[in-house]
Q: 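Below is one structure. I have some questions about it.
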2 protein chains.
Amino acid sequence: MDKKYTIKDIAKLAGVSKGTVDRVLHKRGKVSPLALEKVNEVLKVIDYEPNLIARNLKNNKIYRICIVLPDPKIDPYWLPCLNGIDDAAKEFNAYNLVIETFYFNPEKKKSFLKTNETVLGLSPDAVLLAPLFHKETVDVIEEYHSLNIIVNTFNNQVESSFVKSFVGQDLFRSGRVAAKLLDSITDKGQIAIVHIDETYKNAIHMQEKERGFRNYFEEIENSDYTITTLKLKNPNVEISFNNFLNENPDVSGIFITTSKAYQIAKILSAFKLKKIGVVAYDLINENVTYLNQGVIDFMIHQNQKRQAYLGITSLVEYFLFQKEIPEMILLPIDIVNAENAEYYIE
Amino acid sequence: MDKKYTIKDIAKLAGVSKGTVDRVLHKRGKVSPLALEKVNEVLKVIDYEPNLIARNLKNNKIYRICIVLPDPKIDPYWLPCLNGIDDAAKEFNAYNLVIETFYFNPEKKKSFLKTNETVLGLSPDAVLLAPLFHKETVDVIEEYHSLNIIVNTFNNQVESSFVKSFVGQDLFRSGRVAAKLLDSITDKGQIAIVHIDETYKNAIHMQEKERGFRNYFEEIENSDYTITTLKLKNPNVEISFNNFLNENPDVSGIFITTSKAYQIAKILSAFKLKKIGVVAYDLINENVTYLNQGVIDFMIHQNQKRQAYLGITSLVEYFLFQKEIPEMILLPIDIVNAENAEYYIE
DNA sequence: ACAAAAAATGTGCTCGAACACACCTTAAAA
DNA sequence: TTTTAAGGTGTGTTCGAGCACATTTTTTGT
């Protein structure tokens, strides 16, 4: 019962050679109806699982996976991804894999295109992409596809039938989670949705979060809340937001859709009049400091590290073990407060 | 640059045979200083990683891992573990592994001992244990150890030097997380810690959570809260708790340390006077219903599925790829509200 | 100096799947 | 009838690490 069956075992049981068994298993043809029958009979009885180890030993192709993402030195949001990539690389470094990371400047379309040009030149087997510029991304993906390079995306979703897989979060739902949290910690009054430095590149992000956020409150009947959207731009964030607070003394909650919550938190901690509930994104150091000080109440964790990690592992397992790549992996929307934050910081 | 180096490559580069390289790599001795020098010289320059696939092909030992946990039919808390076990089994079923699950009756020490007796009889390579009865567990672990069977534990920690690894949560911290949540959603008044059906078997659990919970509030200066501990026992939970509510109209928050929050929630939803904040454990169906209804505000997810999964995978990777088994894996303390619950239900 | 023991080194086989290739058979085409 | 193609079957090699064993070289003791 214990022993795993091998092709040789099946051959012996069926009274044929392992070559024949192999042809049956791979449907390569050139098998007589009699032999086919005999082998199938055996296969029906026993539970054959090919030994992945042996299978892969022979297949000594080197798979090359390229990861393309914004430069974390320019936008630290992407920093945790490096750890995820690292983890995956370490986990699989005994296999014939080359995992390479390429950065582009998130503020420059040209940089994005140039980086992808470089990657194309390497003709990898797959690319894991963090797409920012919509039109350009679609074009680039098509190019990859035409060269038979598999494209997976993470963090940002792109409408393209050539994308094999997406790893990320449901941002609409994420907005709802934030809304529920603010609803839990505030009583009534005005709630502000704050977008900081909204640019074309992540506008969809923020909009989806806002949609979800508003959707939650719309579903509540006779709600005591009024919701305002604020679009702030550096370097005027401080002045604009201070003005807003002074003009709206009934503000009871704030939802910040980007990782720049610390800018708002800084102003709020000076503004000691009354407790305002704050929900924001991303566990970067500055934000965690204000979380620990109680200025920020909850953060939502986008789990970039795991996004990158899962994006890679699904590709590796596809190449190495011909596992199917799931079309979409939606990560949990982790709620973080000062007490459980340490488990998510990466 | 791409090609992975093999032992043969090293042998050629060093001008020795692969046998010698092998002896150097495995420190098997019988190598002349000169040959050692030559091989080490090569190893210094190149980056050799043995091919795990090839290594494991030869090693056709079948590893047997037994998982021992309370019968989920008796205590549904353990149900998600089965999914975790299943996932791990599926992931590794191409390898020479036998993963078997054994249940015991969580209310009966005898059953626990008998199940372990059975497992001992199979002389597996490792056992993953969800320990309940402290003294008995320690004895059983010692017995496993004396037979050279590796013992990993999950969910509950046991003080024993023979345990190789523990996967679970920091319960003290978990209590603090709950406290922080209640602090966020309630203003002032009395807070009740409710233990339901506390028995010897999970008393330590509840106590640790309570310690953490109280610790949080002790750290807050001039806190507006008073904290009471309630120990309720079925079938009197309903009556006792109703009495408590009537006698204590200033109750503003409740922390339920077991998965039986639904019993309390049921009473509270009848008791419509004012909103009482509720934080509880475990995403079982009954609890999620009350979470969605808004009776329970937050749940803390103990992630049993992942506990079991990680407990197994660390063993498998130890046997198959001689990875080290981490002494302790502390899972994140996931905060769940009605909006993000779906991602954690398993 | 020479045999015997010890040390050092190299060779060759194994694991299981995959596939190339050689071989044999039968049927169709010349 | 002979040639050729197609159908069917089995054998043998490969992948890389690991280890048993054979072979060669060096050391030791007499």
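Naming convention: chains lettered A, B, ... in sequence-line order (proteins, then strands); numbering from 1 in each chain. When reading the values below, keep in mind they use all heavy atoms of this one structure, side chains included, and skip hydrogens, waters and symmetry mates.
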Q: Quick one: A/Gln322 CD to C/dA18 C1', roughly how many Å, whole number?
A: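 Going from A/Gln322 (CD) to C/dA18 (C1'), I get 12 Å.
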Q: Give a yes-or-no answer on whether the side chains of A/Tyr309 and A/Asn303 include a donor-acceptor pair shorter than 3.5 Å.
A: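 Absent: no donor and acceptor within the cut-off.
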Q: In whole angstroms, how far is the C1' atom of D/dC15 from the CG atom of A/Leu52?
A: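 In whole Å, D/dC15 C1' lies 16 Å from A/Leu52 CG.
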Q: Could you state the atom-to-atom distance from NZ of B/Lys8 to P of C/dG10 in whole Å?
A: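 About 15 Å, once rounded to whole Å.
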Q: Below 4.5 Å, heavy atoms only, C-beta onward: do B/Val39 and B/Leu25 meet side chain to side chain?
A: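 No, every pair of side-chain atoms sits at 4.5 Å or beyond.
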Q: What ring-ring contact (aromatic ring centres under 6.0 Å, His included) pairs are there with at least one residue in residues 45-71 of chain A, not counting sequence neighbours?
A: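 Qualifying pairs: A/Tyr63-A/Phe319.
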Q: From C-beta outward on B/Pro50, which listed nucleotide comes closest to its side chain: C/dC15, C/dA17, D/dA17?
A: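 Per side-chain heavy atoms of B/Pro50, the pick is D/dA17.
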Q: Can you tell me the distance, in whole Å, between the NZ atom of B/Lys4 and the P atom of D/dG16?
A: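 Those two atoms, NZ and P, are 12 Å apart.
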Q: How many angstroms lie between CD in A/Glu324 and OG in A/Ser314, if you round to the nearest 0.5 Å?
A: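 The OG atom of A/Ser314 is 11.5 Å from CD of A/Glu324, to the nearest 0.5 Å.
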Q: Rounded to the Å, how far apart are A/Lys58 NZ and C/dA20 P?
A: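 After rounding, the gap between these two atoms is 8 Å.
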Q: Test of understanding: with side chain to side chain donor-acceptor pair (under 3.5 Å), list the residues that count as partners of A/Asn116, not counting sequence neighbours.
A: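 With sequence neighbours excluded, A/Asn116 shows a side chain to side chain donor-acceptor pair (under 3.5 Å) to A/Tyr144, given in chain and number order.
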Q: Name the residue closer to the 5' end of DNA chain C, choosing between B/Val16 and A/Arg55 according to the nucleotide with the nearest heavy atom.
A: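 Closest to the 5' end, via its nearest nucleotide, is B/Val16.
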Q: Throw together a table of side-chain donor-acceptor distances under 3.5 angstrom for residues 65-73 of chain A, partners on residues two or more places apart or in other chains.
A:
{"unit_1": "A/Asp71", "atom_1": "OD1", "unit_2": "A/Lys73", "atom_2": "N", "d": "2.9"}

Q: If I take atom CD1 in residue B/Ile10 and atom P in nucleotide C/dG10, what distance separates them, rounded to the nearest angstrom?
A: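 Between P of C/dG10 and CD1 of B/Ile10: 14 Å.
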Q: Hey, can you tell me if A/His145 and A/Phe162 have their rings parallel, tilted or perpendicular (30° and 60° cut-offs)?
A: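 A/His145 vs A/Phe162 ring planes: parallel.
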Q: Check each residue of residues 20-44 of chain A for a non-hydrogen atom within less than 4.0 Å of any atom in DNA chain C, then write out the ones that pass by number, or none.
A: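 Listed by number, they are A/Asp22, A/His26, A/Arg28.
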Q: Restricting to side-chain contact (heavy atoms from CB on, under 4.5 Å), what partner residues turn up for A/Ala11, sequence neighbours left out?
A: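 In terms of side-chain contact (heavy atoms from CB on, under 4.5 Å), with neighbours along the sequence ignored, A/Ala11 is linked to A/Lys18, A/Val21.
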Q: When you measure from the side-chain N and O atoms of A/Tyr5 to the phosphate of C/dA17, is any distance below 4.0 Å, counting only OP1 and OP2?
A: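 Checking C/dA17 against A/Tyr5, no side-chain N or O comes under 4.0 Å of OP1 or OP2.
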Q: For B/Asn56 and D/dC15, give me the distance from atom CG to atom C1', rounded to whole Å.
A: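 Between C1' of D/dC15 and CG of B/Asn56: 15 Å.
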Q: Round to a whole Å and report the spacing from CG of A/Asn51 to C1' of C/dA18.
A: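 To the nearest whole Å, that distance equals 13 Å.
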Q: So A/Glu346 and A/Arg306, do their side chains get closer than 4.5 Å, heavy atoms only?
A: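 In short, these two side chains do not touch, never coming nearer than 4.5 Å.
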Q: Taking only side-chain nitrogens and oxygens of A/Thr6, does any of them come within less than 4.0 Å of OP1 or OP2 of C/dG16?
A: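 No.
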Q: 5'-most contact on DNA chain D: B/Lys18 or A/Gly19, nearest heavy atom basis?
A: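 Its nearest nucleotide being more 5', the pick is A/Gly19.
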Q: State, to the nearest 10°, the angle formed by the axis through the first five base pairs of the helix from C/dA1-D/dT30 to C/dA30-D/dT1 and the axis through its last five.
A: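 The end axes of the helix from C/dA1-D/dT30 to C/dA30-D/dT1 are about 60° apart, to the nearest 10°.
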